[in-house]
Amino acid sequence: MRVIAHLKGLLIYYRMQIKEILGLTAAQQAITVKGWVRTKRNSAAVAFIAINDGSTINNIQAVVNEGSIPEETLKLVTTGACIAVHGLLIPSQGQGQSVEIQVNSIEIYGLADPEKYPLQPKKHSLEFLREIGHLRPRTNTFSAILRIRHALAFAINTYFNDHGFFYLHTPIITGSDAEGAGEMFRVTTLPAINPPLTEDGKVDYKEDFFGKETNLTVSGQLEGELGALALSKIYTFGPTFRAENSNTTRHLAEFWMVEPEMAFFELTDNMNLAEDFTKFLIKYALDHCADDIAFLEKRLLDEEKMKKKEEQSELTLSEKLKFVTENTFKRLTYTEAIDILLQSKAHKQGKFNYPVAWGIDLQSEHERYLVEKHFKKPVILTHYPKEIKAFYMKQEVDGKTVRAMDVLFPGIGEIIGGSQREDDYEKLLQRTKEVGIEEESIWWYLQTRQFGSAPHSGFGLGFERLVLFVTGMSNIRDVIPFPRTPKTAEF
RNA sequence: UCCUUCUUAGCUCAGUUGGUUAGAGCACAUGACUGUUAAUCAUGGGGUCCUUGGUUCAAGCCCAAGAGAGGGAGCCA
């Protein structure tokens, strides 16, 4: 204990976080806990209050003996109320915990009317919790997810820092949609009604704040490449926006993306990094969030019991995570993958909804087959046909494929998409023209290939998809504090 | 955006071929209980059956439109 003092017979209490307290051996220490009431159990002579302050999944038990607290005060201690408890940390007489607080006094910070407070000590559906996004961080499940999310974010910075990468802050507002990665959110200060028009009746963006059309970024990659071609190894980690009308368990309109970009890395180096990086992140979570993962694992097991036998997962959450950290990812080319699909029973029996042939973009069902049925481990697919991949990917000598790579995980599909970048000016210019990108809009990008061009590679990791995998949750809206999806931006 | 399922108490749900006063569990309130573990036991309160319109003697139930949500697909991370 850091501060315990007796002043004229009064105990001075020192506030500690519950995570810290639960690691102590009790020794009649004066202590203060502040947090939110999870449950209160009354009996004639004693009341038990379970308090959580979010520092850990575990609660601390405060024990109120009859007469030590005015009954009117104890009545205000209801599920959801915020209180401070002052008392002595003592060994617990009960079974469920090693230490508990013998309460001397209680301060009420915030009431929670039990008739109105929506979070009751019972199971709630995830759909219902989404409707009360302002309160759901107070639940066990979401606090566990948010702590894991934090740990993974911290691990990302740790990994890159330890490997000589620099954190590059790429812009959120961009003036080009060079990647053509779908619909963008427009950024403007022009009035929505009667904006200034050009002579031919279109909105005159010369009058706008930036003097041109601007949008929220869909990727920091192009700017990331500029950084890599100066600092050798950089990464970006920030919010990304897609205005696509996607309503799935794997898409958000606002999500966080990790994008490393490395000079002098070829495709194989890129794959090695992607594999080592994801394994590190998962291992970090296993090492640092054991309590939270154990809680989510138990939650998942309870949920699995409700399902039919054939739909139940063979592995528990921690087994699934260790399976990734302990296995080598299967690497194969797109062409090899197509061959496997063509020879699969599923294809021969016509079980795929979409046809399989060289040149198609693989559908979810195809990816799932490869990852979950055929290899049963994470898969890295490389060398896709150039027609189905972005313009900036390095063309292979065969003239047909590009040095792309997608990392596919069980359950969530594509978690990483990356490539070696085209570093040949002429080839890149030709590709931009073929795809229909205006040269003037990305002159600065093209110029990097004219001045000191270098072989380089990079990839994008969807952060929420990683959190989805590590927490074992099934809907991406449940792994970000305040999800943004079509028609939803309440909190 | 397409396909599909759903919307009944604070929450999770049941509700028979359309028929009297719409039910359960949990939660909540009150009481009991000498240490509980989302305690237990007893009692009690709690409803715009998503909205609008229609069919019918009669609609939670049938029909139409709309709104919202879930799952799948596409797009992708």
Side-chain angles (χ1 to χ4, degrees), chain A residues 37-50 52 58-66 75 78-80 90-97 100 102 112-132 139-140 179-183 218-221 239-259 302 306 352-354 361-365 367-368 388-390 406-409 412-418 459-469 474-480 485-488 490:
Chain A
V37 176
R38 283 293 163 79
T39 61
K40 184 177 72 173
R41 291 179 292 275
N42 272 326
S43 64
V46 64
F48 302 93
I49 307 167
N52 188 281
N58 300 305
N59 302 328
I60 195 155
Q61 173 161 285
V63 184
V64 181
N65 289 307
E66 196 184 10
K75 260 193 164 170
T78 57
T79 298
I90 57 169
S92 178
Q93 295 173 36
Q95 288 299 308
Q97 58 284 315
E100 64 190 16
Q102 195 176 62
D113 182 347
E115 293 282 1
K116 291 175 185 159
Y117 186 62
L119 286 173
Q120 301 138 357
K122 58 162 282 182
K123 258 213 163 86
H124 291 291
S125 69
L126 295 170
E127 290 82 8
F128 173 64
L129 294 176
R130 269 172 228 151
E131 290 170 15
I132 51 168
T139 62
N140 287 332
E179 202 188 350
E183 293 295 307
V218 293
S219 163
Q221 183 202 313
T240 310
F241 308 87
R242 305 270 165 96
E244 239 115 67
N245 192 9
S246 296
N247 293 288
T248 80
T249 53
R250 303 181 309 284
H251 290 86
L252 291 164
E254 176 181 309
F255 64 101
W256 285 62
M257 190 147 65
V258 183
E259 292 175 293
D302 290 345
M306 314 287 280
F352 288 134
N353 292 319
Y354 289 85
D361 206 351
L362 293 177
Q363 304 294 318
S364 297
E365 58 177 354
E367 295 179 349
R368 291 188 91 116
I388 60 173
K389 285 292 180 184
D406 283 2
V407 180
L408 310 177
F409 265 36
I412 50 179
E414 187 181 341
I415 192 168
I416 283 177
F459 61 80
L461 168 79
F463 184 56
E464 281 75 18
R465 290 193 181 170
L466 176 74
V467 182
L468 207 51
F469 185 75
S474 48
N475 193 314
I476 202 162
R477 290 160 212 175
D478 297 330
V479 298
I480 187 167
T485 53
K487 301 252 165 33
T488 309
E490 183 71 21

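Between A:Gln61 and A:Gln97, the closest heavy-atom pair is NE2-NE2, 3.4 Å. A pairwise comparison of heavy atoms in A:Phe469 and A:Ile412 identifies CB-CD1, 3.7 Å as the closest pair. Closest heavy-atom contact between A:Glu259 and A:Gly460: CG-CA, 3.9 Å. Of all heavy-atom pairs spanning A:Thr249 and A:Leu468, the tightest one is O-CD2, 4.1 Å.
For A:Pro91, the side-chain contact (heavy atoms from CB on, under 4.5 Å) partners are A:Ala26, not counting sequence neighbours.
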Please produce a list of atom pairs where a protein N or O lies less than 3.5 Å from an N or O of nucleotides 24-27 of chain B.
from: B:rC26; atom 1: O2; to: A:Lys122; atom 2: NZ; distance (Å): 3.3
from: B:rA27; atom 1: O2'; to: A:Gln120; atom 2: NE2; distance (Å): 3.4

Pull out every protein N or O sitting under 3.5 Å from an N or O of nucleotides 33-35 of chain B, one pair per line with the distance.
from: B:rG35; atom 1: OP1; to: A:Ser43; atom 2: OG; distance (Å): 3.3
from: B:rG35; atom 1: O6; to: A:Gln93; atom 2: NE2; distance (Å): 2.8
from: B:rG35; atom 1: N1; to: A:Glu100; atom 2: OE2; distance (Å): 2.9
from: B:rG35; atom 1: N2; to: A:Glu100; atom 2: OE1; distance (Å): 2.6
from: B:rG35; atom 1: N2; to: A:Glu100; atom 2: OE2; distance (Å): 2.9

Polar atom pairs (N or O), protein with nucleotides 70-74 of chain B, under 3.5 Å:
from: B:rG70; atom 1: OP1; to: A:Arg130; atom 2: NH1; distance (Å): 2.9
from: B:rG70; atom 1: OP1; to: A:Arg477; atom 2: NH1; distance (Å): 2.9
from: B:rG70; atom 1: OP2; to: A:Arg477; atom 2: NH1; distance (Å): 3.1
from: B:rG71; atom 1: OP1; to: A:Asn475; atom 2: ND2; distance (Å): 2.9
from: B:rG71; atom 1: OP2; to: A:Asn475; atom 2: ND2; distance (Å): 3.2
from: B:rG72; atom 1: OP2; to: A:Thr249; atom 2: OG1; distance (Å): 3.4
from: B:rA73; atom 1: O2'; to: A:Tyr354; atom 2: OH; distance (Å): 3.0
from: B:rA73; atom 1: N6; to: A:Asn247; atom 2: O; distance (Å): 3.4
from: B:rG74; atom 1: OP1; to: A:Gln363; atom 2: OE1; distance (Å): 2.6
from: B:rG74; atom 1: OP1; to: A:Ser364; atom 2: N; distance (Å): 3.4
from: B:rG74; atom 1: OP2; to: A:Ser364; atom 2: OG; distance (Å): 2.9
from: B:rG74; atom 1: N2; to: A:Asn245; atom 2: O; distance (Å): 3.4

Nucleotides 41-46 of chain B: which of its N/O atoms have a protein N/O under 3.5 Å away?
none

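If you check every strand for non-hydrogen atoms under 4.0 Å, A:Ile415 touches sugar and phosphate atoms only. Base engagement by A:Phe255 is indicated by at least one non-hydrogen atom pair under 4.0 Å involving a base atom. Using a 4.0 Å heavy-atom cutoff across all strands shown, A:Leu466 reaches no nucleic acid atom at all. Counting non-hydrogen atoms under 4.0 angstrom, A:Lys40 reaches nothing in the nucleic acid. Residue A:Asp406 is out of contact with every strand shown, counting any heavy-atom pair closer than 4.0 Å.
Between A:Ile388 atom CD1 and B:rC75 atom C1' there is a gap of 14 Å when expressed in whole angstrom units. In this structure, A:Glu367 atom CD and B:rC75 atom C1' are separated by 12 Å, rounded to whole Å. One can place CD of A:Glu131 at 9 Å from P of B:rA69, the figure rounded to the nearest angstrom. For A:Gln221 and B:rC76, the CD to P distance is 14 Å, given to the nearest whole Å. Rounded to whole Å, atom C1' of B:rC76 lies 17 Å from atom CD of A:Glu254.
Here A:Arg41 does not reach the OP1 or OP2 of B:rU36: none of its side-chain N or O atoms lies under 4.0 Å away. Between A:Thr488 and B:rG68 there is no side-chain polar atom (N or O) within less than 4.0 angstrom of OP1 or OP2.
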Would you sketch RNA chain B in dot-bracket for me? Only Watson-Crick or G-U wobble pairs with both distances under 3.5 Å count, crossing pairs as [ ], other-strand pairs as |, the rest as dots. (((((((..((((.....[...)))).(((((.......))))).....(((((..]....))))))))))))....
